[in-house]
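Data first, discussion second: the structure below is written as structure tokens.
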Amino acid sequence: GGSDGAKRRAGESAAALVEPGMTVGLGTGSTAAHAIRRLGERVADGLDIEGVPTSFDSRQRARDAGIPLRALEDVDTIDLAIDGADQVADFALVKGGGAAHAREKLVDTAAERFVVVVDSSKQADVLSHPVPVEVLPVAHSVVAGTVRDAGGEPSLRRADRKDGPVVTDNGNLVLDCEFGDIAEPTALARTLSEMPGVVEHGLFVGSADEVHVGTDSGVRVLER
Ligand code: DER
């Protein structure tokens, strides 16, 4: 399994790629949080960058870290995005553990370079992690049906600290969809995107340029 030290090493390794003047996509989750923290330290040391958050949480973390922020709609280019993943197989990702994958996918795919930060527990030969699917609230039963028709097993993501389901930053719900081994992630991504009521799914195919894998002793950098 992963350890926080491994996540920290991965996050800090990606933060070292950031150069002065860059606009940086700031991912969501505990591994990307290490990159945000490290970037805050570098900003305090004089690094001139602007961050584009991918969620309410990453915006708060970036503000606390003292990183100057820009709204996505106000930037022309994103030079580098740093974000985590729930599973990585040959540069294809499952994301959405934090229910932030809609805006993450926007920022991560808009970036010139998308660097994924994980600990080694996220690596797999084939994707098999349940795929988070963000749905319009009114659509959750309809989409559950179309997911079943496509061979998946959907479950509405329940909240821990509130009654009822998790509600995303966009006001939507999340279905976690079990498909078993995903041999053809590109095909499944298209199937999910075409389902009426789906806002965004957590399959990121063809967007990751680099993966920094934190281990107990260091970081392994995988370049596509
Ligand atoms: O929600 C997300 O997509 C996060 O990036 C998630 O996939 C990884 O979170 P972690 O770094 O806390 O494991």
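Fair warning: this is a prediction, and the values are worked out from it, not measured in the lab. Just so you know, ligand 1 is whichever comes first in the structure, and atom 1 is the first atom listed for that ligand. Positions are given from 1 along the sequence.
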I need the contact type for Lys122 against ligand 1. Using non-hydrogen atoms and a strict under-4.0 Å cut-off, is it side chain, backbone, both or neither?
side chain
For atom 3 (O) of ligand 1, tell me which residue out of His129, Lys95, Gln87 has the closest non-hydrogen atom.
Lys95
Would you mind running through ligand 1 and noting each atom that sits below 4.0 Å from a heavy atom of Gly29?
9 (O), 12 (O)
Quick check: Ala100 and ligand 1, any N/O pair under 3.5 Å apart?
no
Close-contact set for ligand 1 against Gly84 heavy atoms, below 4.0 Å
5 (O)
Tell me which protein heavy atom sits closest to atom 6 (C) of ligand 1, plus the residue, atom name and distance to 0.1 Å.
Asp86 OD1, 3.5 Å
With side chains defined as the heavy atoms from C-beta onward, is the minimum distance between Val211 and Phe114 less than 4.5 Å?
no
Asn172 and side-chain hydrogen bond (donor to acceptor under 3.5 Å, both in side chains): which single residue from His140, Glu134, Glu200 fits?
Glu134
Among all protein heavy atoms, pick the one closest to atom 11 (O) of ligand 1 and tell me residue, atom and distance.
Thr31 OG1, 2.7 Å
Against heavy atoms of Thr28, which atoms of ligand 1 measure under 4.0 Å?
4 (C), 5 (O)
Check whether Lys122 reaches the backbone of Val88 with its side chain - one donor and one acceptor, N or O, closer than 3.5 Å.
no
Checking the N or O distance criterion of under 3.5 Å, is ligand 1 in contact with Gly97?
yes
Only residue of His101, Gln87, Glu104 satisfying side-chain hydrogen bond (donor to acceptor under 3.5 Å, both in side chains) with Lys95 is Glu104
Take a 6.0 Å sphere around CZ of Arg42 and say whether it holds more than 12 heavy atoms from other residues, nucleotides or ligands.
yes
A student checking ligand 1 against Asp83 at a 4.0 Å heavy-atom cut-off should list atoms 5 (O)
What protein heavy atom lies closest to atom 10 (P) of ligand 1? Include the residue and the distance to one decimal.
Ser30 OG, 3.5 Å
Return the residue, atom name and 0.1 Å-rounded distance of the protein heavy atom closest to atom 1 (O) of ligand 1.
Gly98 N, 2.6 Å
State whether the number of non-hydrogen atoms from other residues, nucleotides or ligands found under 6.0 Å of Glu184 atom CD is greater than 12.
no
Report, as yes or no, whether the 6.0 Å neighbourhood of atom CZ on Arg59 holds more than 12 heavy atoms from other residues, nucleotides or ligands.
no
Checking Leu136, Val166, Val135 against Leu173 for side-chain contact (heavy atoms from CB on, under 4.5 Å), the one that qualifies is Val135
In this structure, are over 12 heavy atoms from other groups packed under 6.0 Å from Asp125 atom CG?
no
Is it the side chain (CB and beyond), the backbone, both or neither of Ala85 that lies under 4.0 Å from ligand 1, heavy atoms counted?
backbone
Backbone N/O of Glu153 and side chain of Arg148: donor-acceptor pair under 3.5 Å:
no
Sub-4.0 Å heavy-atom approach of His101 to ligand 1
no
One finds that the ligand 1 atoms under 4.0 Å from a non-hydrogen atom of Gly96 are 1 (O), 2 (C), 3 (O), 7 (O)
